Structures are given as structure tokens and as C-alpha cells.
Amino acid sequence: MTISIAVTGKGGVGKTTIAALLVKTIHDKTGEIVLAVDADPNSNLHEALGVKAGKSIGDIREELLKLGEQIPPEQGKADYLEGLIEGATVEGEGFDLISMGRPEGPGCYCYVNHLLRKVLDKVSERYKFVVIDAEAGLEHFSRRTTRDVDILIVVSDPTARGFMTAKRVKELVSELNTKFGKMYMVVNRVPQSFADKVAEEAAKVGIECIALIPEDELVAEFDLAGKPLTSLPPDSKAYQAIQKIVEKLPLKEAEQTLWWQKI
Ligand SMILES: Nc1ncnc2c1ncn2[C@@H]1O[C@H](COP(=O)(O)OP(=O)(O)OP(=O)(O)O)[C@@H](O)[C@H]1O
Ligand SMILES: [Mg+2]
């Protein structure tokens, strides 16, 4: 059974940083190859993971659409597509990465999307853990493009606006009856000097806050140098905080596996 974890939150709060460190930590703790999914159209998860970007699912969709009638007959189509997705999967140390790419442009995608979803479902079933770096903003919730995820991690920065966004995510999720096994909040870039005050404010959001991740100079330094976050040393405070998060996550209690609603 696959356990899917989606990381969401306001722009720039640290979703990609957290997703990359989750991928590394889950692999290190379980030995499993993790499927990392970059669901942000402005993809940069590959950089945080230290690999080159491959072809995106968006690119594959466009190719399929261009091929039209030339796609091999019915039975062969799924296999053909699986081959394309495999070709677009980037292999890293302890993970495979798929980038979703840009959302669809004009044109009739229904059939292609249906086919892609089916094949992506099949591909994701091969993995025990899927970590999704979701796009910023709430549109994907209102379009119901993010749903049926086992664990949703809502990231906030220690600001009133960040907490407000987290609250809106919670409200939207309950209004839309979006299915998440569990929802947690993580506050990132917390200055040590007022961590207590941040914890107090975070508690008012109404989502269980499982971690305050400290402001970590090493993260800034690695990002400045363009070094992958997966090579952060063990004394990185952010990395240590992610390890504690993984210990707390219910990684043995998968409920839903469908999440390919993005495309
Ligand atoms: N704990 C931390 N300590 C210091 N810097 C951090 C920390 N977490 C993230 N950053 C920095 O914050 C910036 C934004 O992080 P990141 O790209 O992970 O955010 P994001 O939510 O994915 O952004 P976007 O919405 O643009 O995709 C980066 O420059 C990163 O180096
Ligand atoms: Mg990002």
C-alpha cells in the first residue's frame, strides 16, 4: 500500500525545502525508494534534491495530444504511456522524481488526462511512499485537484498571514469534504527567541502543529551556493526537525492512495 504525503502552504514558506528533506529522511529511515512528485508548475524540487529536471507530465500530455490517432491501439496505449512516464522519471539516491509541469493549455485533454491518471496510479503503486511538493495558493483545493492524500502537511511561516492561510486551507478542506487521512501544520523559519509565542499562535489555527522548524543558516547557505539540501550535514537544525516530524507521522496507517487529480 502507498502512503502519500502532500506539502502545501503559502508561497515561499519552505514547502520545497521540507518536501526534499522528507524524501531524504523517509528513505534513510525505511530504506524504501521514495517517489518525489513536483506538483508545482514552477518546479524546483529537483534542485533541492540535487538532480536534473526530466521531462514533465505536462510535456508528455502535449506529446500525446500531438500524436492523436497515431498512438498505438487501446491495449498498447497504457504500456506506451507507462514507458514515457518511466523515461521522464529521474532517478536519485533513494528516490525517483516525477515533475508534473505546467497545467493544461487549451485543447481537449479529457481522454489524455484519463489515460495519464490511470497510468500514474499504476506507477505510484510501486512505491511505498510518495511525497508531493504542491503549488502555493489555494486554487488546487477549490479546483479539487489535491485530494485523497493520506497526510497533508500545511506549512506556515511564523506570521499572522501565514497562519491565516493555514486556517483557510483547513476551512476549504472541510467545506469541500476533501479526503485527507491526517492534516498537520508545521511552522518553518521560527526564530528561537520567540518560539513559545509562535507555538501559542500556531495552536489557535486548529490544525495539529507537529513541529516548529528553526531558522537554519545552513539551509540559506546551501541554497545560495546551489547545493542540494539532501546533503545538509546532521547538525543542520532544519534537517533535525524533519527527522522528528517523520518519527511522528503515521507512516504505517495508509488509507487513501488516489491523488493524481492534479493533471
Ligand atoms: N528553516 C529554514 N531556515 C532558513 N531558510 C529557509 C528555511 N526554510 C526555507 N528557507 C529558505 O526560504 C526560501 C523559500 O524556501 P522554499 O523554496 O522551500 O519555499 P516554497 O514554499 O517551496 O516556495 P514556493 O512557494 O516559491 O515554491 C529558500 O530560499 C530557502 O532557502
Ligand atoms: Mg517550492
Side-chain angles (χ1 to χ4, degrees), residues 5-26 36-53 56-58 90 92 95 97-103 130-141 145-146 149 152-159 161-166 168-169 184-195 198-199 202 205 207 209-246 262:
I5 304 166
V7 184
T8 189
K10 194 165 76 71
V13 290
K15 297 178 293 295
T16 301
T17 304
I18 291 169
L21 292 175
L22 280 174
V23 167
K24 176 178 168 52
T25 307
I26 292 172
V37 178
D38 193 342
D40 188 333
N42 300 312
S43 335
N44 59 359
L45 183 59
H46 64 278
E47 284 163 7
L49 289 170
V51 290
K52 283 209 174 105
S56 74
I57 298 299
V90 178
F95 64 87
L97 171 69
I98 291 180
S99 297
M100 301 306 277
R102 279 174 299 119
V130 179
V131 175
I132 308 152
D133 180 8
E135 67 185 309
L138 303 172
E139 300 78 26
H140 50 113
F141 290 102
T145 50
T146 304
V149 172
L152 180 71
I153 297 183
V154 184
V155 185
S156 178
D157 50 15
T159 66
R161 273 199 302 142
F163 290 143
M164 189 61 80
T165 307
R168 280 210 296 273
V169 169
Y184 299 105
M185 187 167 73
V186 164
V187 189
N188 188 27
R189 310 193 69 166
V190 177
Q192 285 308 87
S193 53
F194 60 101
V198 171
V205 173
I207 307 173
C209 180
I210 47 164
L212 303 183
I213 302 177
E215 175 71 26
D216 184 347
E217 274 185 21
L218 280 171
V219 170
E221 195 185 309
F222 270 55
D223 270 344
L224 180 65
K227 284 200 261 180
L229 298 175
T230 43
S231 53
L232 277 171
D235 62 340
S236 149
K237 288 183 244 162
Y239 179 35
Q240 286 172 358
I242 299 288
Q243 287 179 312
K244 286 198 188 124
I245 292 175
V246 171
K262 180 95 208 136

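Note that ligands are numbered from 1 as they come in the structure, with each ligand's atoms numbered from 1 the same way. What you are looking at is a predicted structure, and each value in this text was computed from that prediction instead of being measured.
For CD of E217, the number of neighbouring non-hydrogen atoms (other residues, nucleotides, ligands) closer than 6.0 Å is 12 at most.
Taking each heavy atom of S156 and M185 in turn, the nearest pair found is CB-SD, 4.5 Å. When all heavy atoms of T16 and L45 are compared, the pair lying nearest together is CG2-CA, 3.8 Å. For the residue pair T230 and A20, the shortest heavy atom distance occurs at CG2-O, 4.2 Å.
Only the side chain of D40 comes within 4.0 Å of ligand 1, counting heavy atoms alone; its backbone N, CA, C and O stay farther away. Contact annotation for P214 and ligand 1: only backbone heavy atoms (N, CA, C, O) come within less than 4.0 Å of the ligand.
Looking at ligand 1, you'll find an N or O of V13 within less than 3.5 Å of one of its N or O atoms. Considering both main-chain and side-chain atoms, N188 comes within under 3.5 Å of ligand 1 through a nitrogen or oxygen pair. Considering backbone and side-chain N/O of D223, one or more are found under 3.5 Å from N/O of ligand 1. Any N or O atom pair closer than 3.5 Å counts here, and E217 shares no such pair with ligand 1. Remark: ligand 1 and G12 share an N or O pair separated by less than 3.5 Å (distance only, no angle test). Residue-to-ligand polar distances keep I213 apart from ligand 1: every N/O pair is separated by 3.5 Å or more.
The protein heavy-atom contact nearest to atom 3 (N) of ligand 1 is D216 N, 2.8 Å. With respect to atom 20 (P) of ligand 1, the closest heavy atom belonging to the protein is K15 N, 3.4 Å. The single protein non-hydrogen atom nearest to atom 19 (O) of ligand 1 is G14 N, 3.0 Å, given as residue, atom name and distance. Scanning the protein heavy atoms around atom 17 (O) of ligand 1, the nearest turns out to be T16 CB, 4.1 Å. For atom 18 (O) of ligand 1, the closest non-hydrogen atom on the protein side is T17 OG1, 2.5 Å.
Counting only heavy atoms from C-beta outward, the side chains of V186 and I213 approach each other to under 4.5 Å. Counting heavy atoms from C-beta on, the side chains of D157 and V187 never come closer than 4.5 Å. Taking the side chain as every heavy atom from C-beta outward, T17 and V219 approach each other to under 4.5 Å. Two residues are said to be in side-chain contact when any heavy atoms from C-beta on lie closer than 4.5 Å; D216 and S236 meet this criterion. Here the side chains of V13 and I18 are not in contact, with every heavy-atom distance at 4.5 Å or above. Between I153 and L22 the shortest side-chain heavy-atom distance falls below 4.5 Å.
The contact set between ligand 1 and G11, taken as ligand atoms under 4.0 Å from a residue heavy atom, comprises 25 (O). Of all atoms in ligand 1, listed by their number and element, those nearer than 4.0 Å to a heavy atom of V219 are 5 (N), 6 (C), 7 (C), 10 (N), 31 (O).
Within the set K237, R189, E135, the minimum heavy-atom distance to atom 11 (C) of ligand 1 is found for R189.
Among the backbone and side-chain atoms of T16, an N/O/S atom is found under 2.8 Å from the Mg ion (ligand 2).
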TODO: Given side-chain contact (heavy atoms from CB on, under 4.5 Å), test I132 with V7 step by step and report yes or no.
DONE: CA-CA 6 Å; I132 308 152; V7 184; over 6 Å; no
